[in-house]
Amino acid sequence: MFTIKINKSIDRKMKWNIFAMMIISFCVSINIKAQRVVSWNNNQKKVTVTTNQGLLELIPLFDNAIRVKFIKQDLYSLPEWVYIEKNDTPEYDIKEEGNTLILSMKKMKLIINKETGNIVYSNDLDCRILAEKERHLTPANVQGVNVYCAEQIFESPQDEYLYGLGQFQDGYLNVRGLSRRLTQVNTQISIPFLLSNKGYGLLWNNYGLTDFNPLDVKVEMLRESNNGVKTLVDVTSTEGGKQEVRENNCFTSTFSVPEKGYYSILLDVGQKMARRHHLEIDGRTIFEVDNVWLPPTFSAIVQLEKGNHKIHSVLTRNDKPVFYYKRVTDETVFRSPVANNVDYTIFSGTPDDVISTYRALTGQVPLIPRWALGYIHCRERFRSQEELLATARNFRDKKIPMDVIVQDWQYWGKYGWNAMRFDESHYPAPKNMVEKLHAMDIRLMLSVWSKIDPKSVLGKQAELNGFFIPKTQWIDFFNPEAADFYWQSFSDSLLKPYQIDAWWQDATEPENDDLLGHFVMNNTLPGEVVRNVYPLLVNKTVYEGLRKDDPKRRTMILTRSGFLGMQRYGAATWSGDVGNDWGTFQRQIIAGLGMMASGMPWWTYDAGGFFRPENQYTDVHYHECFLRWLQTSVFLPLMRVHGYKTDTEFWNYGEEVMRIARISLDLRYRLLQYIYSEAAGITFNGSTLMRPLVMDYSTDITALSQKYEFMFGKSLLIAPVVDENPLVWSVYLPENEGGWYDFWTGERYTGGTYVNVPVSIEHIPVFVKAGSILPLGECSQTTEESTGKIIEVRVYPGEDGTFTLYDDEGINYNYEKGQYATVRMNWDDKKGELTLAARKGAFPGMIGNKRIKVVKVGKGRGTGIGTGSEDKVICYKGKLLKIIL
């Protein structure tokens, strides 16, 4: 249970902004005396090091992971929401050697300097991977409650590449030296986790706001005039769609730097959400992003000359912009202004090792339903039961593949926001609607919020019982009784009556940063303490409720925000209410790769953008951009289209768009055997499907600098086309001894080089790593049709290779009882021999005999979506087979 010491002489209702600058100043003026070791103790579970400033706890968790805490005084205690319970402790040894303490584990070693208290980390090869520089805990206060400001500074060499921190819109994949403010807002998901090319991962365990590489020098920008340009825009809000007047104004100021160099900068617009990010330095545009909703901060790294500089921003009238800056140094810094202690975990090993161990520590990923890997069709919004069913029938009549259809918000109609019931004037028979969808082999996803209209029947009950975060309409999920009330209402009103298949948990940040300045946990805890962790508890409530009340069906949750450990609740995220242009498209790819590097395996975006141009159905320029979004979404963990005030169905854009869209959909469904097997790798092996290149090519510096290319599974290299109307596209092929094959032509290329490939409007460049074994199913309308009875196996010679084909029932949790089957396939390149091992395992309904078409890929053979170039056709009955090609 939660306990906290509150200074009763200070009014709880005092606003956060009164303390914000005080907290920052505390952090800046930190005492930097060395933390000299006085004594140490080993109790076989952890090592406690007493310093002259506090206690340093070293807690071995796995052979390659250790938790480090620096404690002065426990001011409060909270549930362990990130780490799962773990009883065993790995073997380790601690000894004193001269001026150091040395803690040794099987795959990791720590050297603690007794004069400074700082730690140097090395891997199992005794290579240094990370080193502390300073750590600090400084007294602070928030809403009348005593807390600490926690800061940890690490060394970061100039050749380090850092990835992660969640989903951000600033366009930076490598975040070394960059400053970011980690808060939860629409389009931004803050996950305080880093992945380094130096062979380590870092989890910063704090539930509140965290400044990554904080910038303490700031300049308040002044508005030039009150006569800005006014525009009327359509916006989404927690009250539904509405129109809003926006007025642009110019803001200016000056700043000075003492020397030439690279500087990290951050613009804070001074509101909870921004509408525009724009900054010029000395007349040079650094960034310019427009959207209906944007995060309040935007970051960049710029090179500046010594001396004075002028800054200029065109923002909205009510903005109060502040510009922050600092020279980039060889440091990585985490600072949490509201904390109880310094608390982080270091993981050693390859990126896959790091992510796998991270999930072992914070929760493994349940297997997603197979149907969720097909096409998910969404629009804002279907306005009636008949409109939704008519659209579903159109997909089937036109033979366009689709597995899931989504009912967005406002189906509750007259009953009030998120009343958890359908307005029968538009949805007269929801159960019948779901049954009709199921008869077409289509699943329904329904939007459900954490916000409830207090005037609704449900809201009045929540208000009466004190289940809202005070002065908001958001359920207080930190209060277990409130969480139970929410789930019971959800289950009784929506799940049990209708057997809906999937749940869209929207705005789980919560929207408008509504933890800031409020008390939670039954009015006992400042919201700032847990400011970033709300989405974790929302999805915990829903997932655990579904496992209890609907135990025979796999959960499918789509949510707009997340936090450390959320992968254990099977929740997928998407990138929020973003725009539709090329720049936005580019930033979404980077944002998704940031989520993957943060250990979150299930992610997607609104293909085509959420906010769309008014002439979207006729604008050929938009059509090209939309198709590139769609073609790239084939290779995202989830494939989904969405759009505000848009009938997003492909046929509304004309025959040419629909023709090309079919190619992308057919390819997605052809790849399902590969995708589902890789999804099993996420669950069973801690793997990652959408892979930033650091995961497979951490020593290839050119690969590390690629912002848009990524691996899809271990075999496919994806190179999205992110600019308008190019004639050729330059693709970097990472270092690989056997080279790469063009998926579309079969032509083979050398690794470690750039190649220019002709651009087709029908698809984006895709390359396959030599040594790959790629299983493909048939083109189908649903995942249910893609049975795996007929499989094409493409072998890409040049290296030895292996692949494990996975199969199960796809819809339940019987795999947790061992009811699944695998077939190990091995390619011996020297012998030209493909081996299909004996099948392992079984499950109800398993197809015993498979017709397998095997093709050895070459130029013009085994290419693209088509079939017909097989070298051998065999009947696989589950027994060992060797095939010479």
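What you are looking at is a predicted structure, and each value in this text was computed from that prediction instead of being measured.
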Inset, instruction - Give me the ring orientation class for F611 and Y644: parallel if the planes are under 30° apart, tilted from 30 to 60°, perpendicular past 60°. - result: perpendicular
Would a 4.5 Å heavy-atom cut-off, applied to side chains only, mark [X] and [Y] as touching?
X	Y	result
L495	D549	yes
T688	P601	no
L444	I405	yes
N512	T472	no
N341	D74	yes
N206	P192	no
E816	L367	no
Q184	Y534	no

Inset, instruction - Would you check, one step at a time, whether the test side-chain contact (heavy atoms from CB on, under 4.5 Å) holds for W504 with D408? - result: CA-CA 8 Å; W504 183 0; D408 201 347; 3.5 Å; yes
Would you name the heavy atoms of [X] and [Y] that are closest together and state the gap between them?
X	Y	result
I475	A482	CG2-O, 3.9 Å
M566	A571	CE-CB, 3.8 Å
L546	T555	CB-CG2, 3.6 Å
Y76	A339	OH-C, 3.1 Å
F168	S190	CZ-OG, 3.6 Å
F347	T357	CD2-CG2, 3.8 Å

With a 3.5 Å cut-off and no angle check, do the side chains of [X] and [Y] form a donor-acceptor pair?
X	Y	value
Q567	Q364	no
D170	H277	no
N522	D476	no
W293	N186	no
S456	W412	no
W409	E380	yes
T683	Y815	no

Spell out, as yes or no, whether a donor-acceptor pair under 3.5 Å connects the side chain of [X] to the backbone of [Y].
X	Y	result
R612	T648	no
R275	M273	yes
N291	D577	yes
T362	Y358	yes
R554	I368	yes
D403	T783	yes
R379	H642	no
R568	V82	yes
N146	N141	no
N418	W449	yes

Residues in salt bridge (charged side-chain N to carboxylate O under 4.0 Å, His left out) with [X], at least two apart?
X	result
R370	D807
E463	none
D453	none
E85	none

Taking atom [atom1] as the centre, does [X] end up with more than 12 heavy-atom neighbours from other residues, nucleotides or ligands that are less than 6.0 angstrom away?
X	atom1	value
K431	NZ	no
K552	NZ	no
K540	NZ	no
Q461	CD	yes
K496	NZ	yes

[atom1] of [X] to [atom2] of [Y]: how many Å apart, nearest 0.5 Å?
X	Y	atom1	atom2	value
S450	D514	OG	CG	12.0 Å
L525	N479	CG	CG	11.5 Å
Q588	L636	CD	CG	10.5 Å
I589	R587	CD1	CZ	11.5 Å
L446	L494	CG	CG	6.0 Å

Inset, instruction - Kindly determine whether T183 and Q188 satisfy side-chain contact (heavy atoms from CB on, under 4.5 Å), including the steps that lead there. - result: CA-CA 8 Å; T183 54; Q188 177 175 295; 3.4 Å; yes
Legend entry - For W81, the option from F563, F478, F477 that meets ring-ring contact (aromatic ring centres under 6.0 Å, His included):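 The passing option is F478.
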Legend entry - With Y498, the ring-ring contact (aromatic ring centres under 6.0 Å, His included) member among W503, F422, Y411: F422
Legend entry - Those residues that, when tested against Q385, pass side-chain hydrogen bond (donor to acceptor under 3.5 Å, both in side chains) (two or more places apart): none
Legend entry - Lys NZ or Arg CZ of R180 over Y172 ring: under 6.0 Å, within 45°: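 Checked: cation-pi criterion not met.
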Legend entry - Qualifying side-chain hydrogen bond (donor to acceptor under 3.5 Å, both in side chains) pairs with a residue from residues 597-609, counting only residues at least two apart or across chains: Q167-W603, W574-D606, D606-R640
Inset, instruction - Could you walk me through whether I590 and Y163 pass the side-chain contact (heavy atoms from CB on, under 4.5 Å) test, one step at a time? - result: CA-CA 10 Å; I590 294 169; Y163 307 87; over 6 Å; no
Inset, instruction - Could you please spell out the steps behind the side-chain contact (heavy atoms from CB on, under 4.5 Å) verdict for Y486 and M420? - result: CA-CA 10 Å; Y486 178 89; M420 296 194 185; 3.5 Å; yes
Legend entry - Residues D513 and R531 bridged, charged N to O under 4.0 Å: yes
